[in-house]
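See structure below.
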Amino acid sequence: MGYIRVRFAPSPTGDLHIGGVRTALFNWLFAKNKGGKFILRIEDTDEARSTEESVKIILDAMKWLELNWDEGPGSENPKYSPYCQIERKKQGVYQKYADKLVAKGLAYPCYCVPEEVDDMRKKARANKLPPKYDGRCSRLTTEQRKQKESEGKKAVVRFKMPSLGTTVLNDLIKGRVEFDNSLLDDFVIMKTSGIPTYNFACVVDDYLMEITHVLRGDDHISNTPRQIHIYNALDWKVPEFAHMSMILGPDGVRLSKRHGHTSVLEYRKEGYLQEALINYLALLGWSTEDSRQVFKIEELKQEFSIERCGISPSIFDPVKLLWLNGEKIRSKSPQQVYELFIDWLKCTDNEKLTEGWDVELLKKALVLERDKIKLLKDIPSLVDFFFTKEVDYREEAVRKILLSEKSKDSAKLVLIESAVRLPNQHDFSAESLEHYARNLAVEKNIKAGQVFHPIRVAISGRTQGPGLFQMMEVMGKEEVVRRINAAINKFFQQ
RNA sequence: GCUGCCAUCGUCUAGCGGUUCAGGACACCGCCCUCUCAAGGCGGAGAUCACGGGUUCAAAUCCCGUUGGCAGCGCCA
């Protein structure tokens, strides 16, 4: 196999969603694995639905995911540019080849209006036949064509499909697939607007951009015989095809907006790491022999192969993605988690959440809480108590630990003793604090937990959190004592 | 309706004719660790390999059929 060029060719008609990312990812991984080129092409031939906004969203999403393209918008290559189909259309790229096909007698102008064609299809369907255009305009004489033209009728260009035989596709993933040519009709390659249709633009561009492998969702597989015939008609080499299985929603239907949370940028806002999303998506439809689950991006690049792509569709499991995100966060150093968090704050415009927070304290807090983080957006609620002036005492924590009949006496005792003794605790390290607490328990003849829990609630307001003594060390003596006194005043004031 | 694709624990998957009364991961349950919550460790439950026929000494693995799911059938991509 020589030099490899693959492409991701989204149409800018909305957000980049999970299914699209998977397609982009597998192309990208394939290119990286083979040392080939990954091209990004914008297929904006749908005049009605394509938007500039959507192009921007797609580019942003690709950048966030670090699915960098070797060629595409912003990375033009004079040999292949431009990378937007409407731009290419303006240069007459497609018209030229449509004319060539007409000249060869392999395509023809068709004057039928959409309503006529619809009718034909409806009738065919009613007769339990595949809905097809009947090819009537291919039989027009030159005079008849001139007549139509002089009447000012607009024509589309239709490609003549052979009606006999079969078209064989040797798909890299699906294997050999045969299509009965008689089931396919003469399809439109140029609209009346002069804009090419998908099937045509795609082939022309893949040829001109020297795409060697077309890796796409298997919802495109039935387009493939049409495309193959265009390649043949133009005497172009047919690229390799690999059709990946679809990603389905929990209901088993192809993932779409309806399932919610399908837009990539939403995942960023939720606080997913790009590498978690990438890793997860790689697992959908691809696997290694040892069924490994966690991969670094580098490892994916090294190990990816089309041969190990699965053929059956897979259901998107947000729960597993969440686990993987936690896994990725746990694999980061505290400094990295801090940086990730800061980036997340910026990208979600949430900087006010941490206003007035001491950076060093935040970093230390992250060391203690890292293993608990599933999403970056969880971080504020996990560490905010370190930064509050007024501790937010959770009602349930107070009731259970400080004021319950069973424990209120010991809790009061522990806090008052601590308020007195802790200021004299010279070594405020976690280790030494633990000694202090355990000794206090022995001295007062109560259980260690009866010392630990009240202090925890007093300084954090909650029953859950980091290890108590690590937490105290990080907060510092002054603050711990201040909070204990505040708690005494609030709950045990005579 | 027609055509195509697909079918292993709830989910993602390993398996490419015998070493598998099917292995891993998520989720779930239990135990351990432990000052709480996590994380981690250990263990458990969970799949008549969709069904029915073949081929073979031997099939989750090959072939055929059935059923079910999905996709496509546009001057959408």
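Below, chains carry the letters A, B, ... as their sequence lines are ordered, and counting in each starts from 1.
Between the side chain of A/D44 and the backbone N or O of A/S50, no donor-acceptor pair lies under 3.5 Å. At least one donor-acceptor pair closer than 3.5 Å links the side chain of A/N325 to the backbone N or O of A/L273. The backbone N or O of A/S291 sits less than 3.5 Å from a side-chain atom of A/Q293, completing a donor-acceptor pair.
Listed nucleotides B/C35, B/A71, B/C73 differ in distance to A/V253; the shortest reach to its side chain belongs to B/A71. In the set B/C73, B/C12, B/C70, the nucleotide with an atom closest to the side chain of A/R226 is B/C73. With distances taken from any side-chain atom of A/I315 to the nucleotides B/G72, B/C12, B/G1, the minimum falls on B/C12.
Comparing B/G65 with B/C6, their P atoms are spaced 14 Å from each other, to the whole Å. Distance check on atom C1': B/C12 versus B/C75 gives 41 Å, rounded to whole Å. B/A14 and B/G23 have their P atoms separated by 15 Å, with the value rounded to a whole Å. The C1' atoms of B/A59 and B/A45 are separated by 28 Å, rounded to the nearest whole Å.
Donor-acceptor pairing under 3.5 Å is recorded for the side chains of A/T224 and A/R216. A/Q470 and A/K364 share no donor-acceptor pair across their side chains, judged by distance under 3.5 Å alone. In this structure, a donor-acceptor pair under 3.5 Å is absent between the side chains of A/H453 and A/T463.
Pair assignment for B/C31 gives B/G41, based on Watson-Crick or G-U wobble hydrogen-bonding distances that are each under 3.5 Å. Across the strands present, B/U36 finds no partner; the criterion is a Watson-Crick or G-U wobble pair with both atom distances under 3.5 angstrom. As the counterpart of B/G4, B/C70 is assigned, both hydrogen-bonding distances of the Watson-Crick or G-U wobble pattern falling under 3.5 Å. Look at B/G17: it lacks any Watson-Crick or wobble partner with both distances under 3.5 angstrom. With a 3.5 Å ceiling on both atom-pair distances, B/C76 lacks any Watson-Crick or G-U wobble partner. Across the strands present, B/C49 finds no partner; the criterion is a Watson-Crick or G-U wobble pair with both atom distances under 3.5 angstrom.
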What one-letter contact string describes nucleotides 3-9 of chain B from 5' to 3', where B marks a base within less than 4.0 Å of any protein heavy atom, S marks contact via sugar-phosphate atoms alone, and - marks no contact? SSSSS--

Could you write nucleotides 23-30 of chain B as a row of B, S and -, 5' to 3', where a protein heavy atom under 4.0 Å of any base atom gives B, of only sugar-phosphate atoms gives S, and otherwise -? BBBSS---

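Residues satisfying the salt bridge (Lys or Arg N to Asp or Glu O under 4.0 Å) criterion with A/R121, sequence neighbours excluded, are A/D185. Partners of A/E149 by salt bridge (Lys or Arg N to Asp or Glu O under 4.0 Å), not counting sequence neighbours: none found. Looking at residues two or more places apart in sequence or on another chain, you find no side-chain hydrogen bond (donor to acceptor under 3.5 Å, both in side chains) involving A/T13. Residues passing the side chain to side chain contact (heavy atoms under 4.5 Å, CB included) test with A/Q425, sequence neighbours excluded: A/L422, A/F428, A/S432, A/L433, A/Y436.
Under a cutoff of 6.0 Å and an axis angle of 45°, A/R456 and A/F452 do not form a cation-pi pair. Under a cutoff of 6.0 Å and an axis angle of 45°, A/K153 and A/Y111 do not form a cation-pi pair.
Here B/C76 presents its C1' atom at 5 Å from CG of A/D46, a figure rounded to the nearest Å. We find that CZ of A/F469 is positioned 11 Å from P of B/U36, with the value rounded to whole Å. The interatomic distance linking A/Y133 (OH) with B/C73 (P) rounds to 19 Å, in whole Å. To the nearest angstrom, C1' of B/C37 lies 13 Å from CD of A/Q470. Note: CZ (A/R394) to P (B/C37) measures 15 Å, nearest angstrom. For the pair A/D186 CG and B/C73 C1', the computed distance is 15 Å after rounding to whole Å. Between A/N279 atom CG and B/U13 atom P there is a gap of 14 Å when expressed in whole angstrom units. Taking atom CD of A/Q227 as the reference point, atom P of B/C76 lies 15 Å away to the nearest angstrom.
Position along RNA chain B of the nearest nucleotide to A/G285 versus A/K128 favours A/K128 as the more 5'-ward residue. Both A/P466 and A/D251 lie close to RNA chain B; mapped to their nearest nucleotides by heavy-atom distance, the more 5′-ward contact belongs to A/P466.
The side chain to side chain donor-acceptor pair (under 3.5 Å) analysis of residues 156-166 of chain A, with sequence neighbours excluded, yields no pairs. Residue pairs meeting the salt bridge (Lys or Arg N to Asp or Glu O under 4.0 Å) criterion with at least one member in residues 7-18 of chain A, sequence neighbours excluded, are A/R7-A/D206.
At the heavy-atom level, A/R462 lies nowhere under 4.0 Å from the strands shown. Counting non-hydrogen atoms under 4.0 angstrom, A/R216 reaches nothing in the nucleic acid. A/G467 comes within 4.0 angstrom of a nucleotide base, judged by non-hydrogen atoms across all strands. Residue contacts shown for A/S287 are limited to sugar-phosphate atoms, with no base heavy atom under 4.0 Å away. Among the heavy atoms of the strands lying under 4.0 Å from A/N223 is at least one base atom, whether or not backbone atoms are also near.
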Can I get a per-line list of side-chain donor-acceptor pairs under 3.5 Å for residues 306-317 of chain A, giving both atom names and the distance, sequence neighbours left out?
unit_1, atom_1, unit_2, atom_2, d
A/R308, NE, A/S287, O, 2.7
A/R308, NH2, A/T288, O, 3.4
A/D317, OD1, A/V319, N, 3.1

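Contact check on A/K89 versus A/E87 returns no salt bridge, with no Lys/Arg side-chain nitrogen under 4.0 Å from an Asp/Glu carboxylate oxygen. Salt bridge present: A/D384 and A/R462 bring a charged side-chain N and a carboxylate O closer than 4.0 Å. Between A/E479 and A/K477, no side-chain nitrogen of the basic residue sits less than 4.0 Å from a carboxylate oxygen of the acidic one, so the salt-bridge criterion is not met. Using a cutoff of 4.0 Å between basic side-chain nitrogens and carboxylate oxygens, A/E275 and A/K296 are not scored as salt-bridged.
Taking every heavy atom of residues 8-27 of chain A and every atom of RNA chain B, pairs under 4.0 Å involve A/S11, by number. RNA chain B is contacted by A/V156, A/R158 of residues 151-159 of chain A, taking any non-hydrogen atom closer than 4.0 Å. A heavy atom closer than 4.0 Å to some atom of RNA chain B occurs in A/F452, A/H453, A/R456, these being the qualifying members of residues 444-459 of chain A.
Phosphate contact (OP1/OP2 of B/C16, side-chain N/O of A/R308, threshold under 4.0 Å): absent. The phosphate of B/G72 has OP1 or OP2 within less than 4.0 Å of a side-chain N or O from A/R254. Remark: A/R125 is not in phosphate contact with B/C73, judged by side-chain N or O atoms under 4.0 Å from OP1 or OP2. At least one side-chain nitrogen or oxygen of A/K191 sits closer than 4.0 Å to the OP1 or OP2 atom of B/C76. For A/R370 and B/A38, the shortest distance from a side-chain N or O to OP1 or OP2 is not below 4.0 Å.
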Steps toward side-chain contact (heavy atoms from CB on, under 4.5 Å) verdict (A/F8, A/I42): CA-CA 8 Å; A/F8 173 54; A/I42 303 296; over 6 Å; no

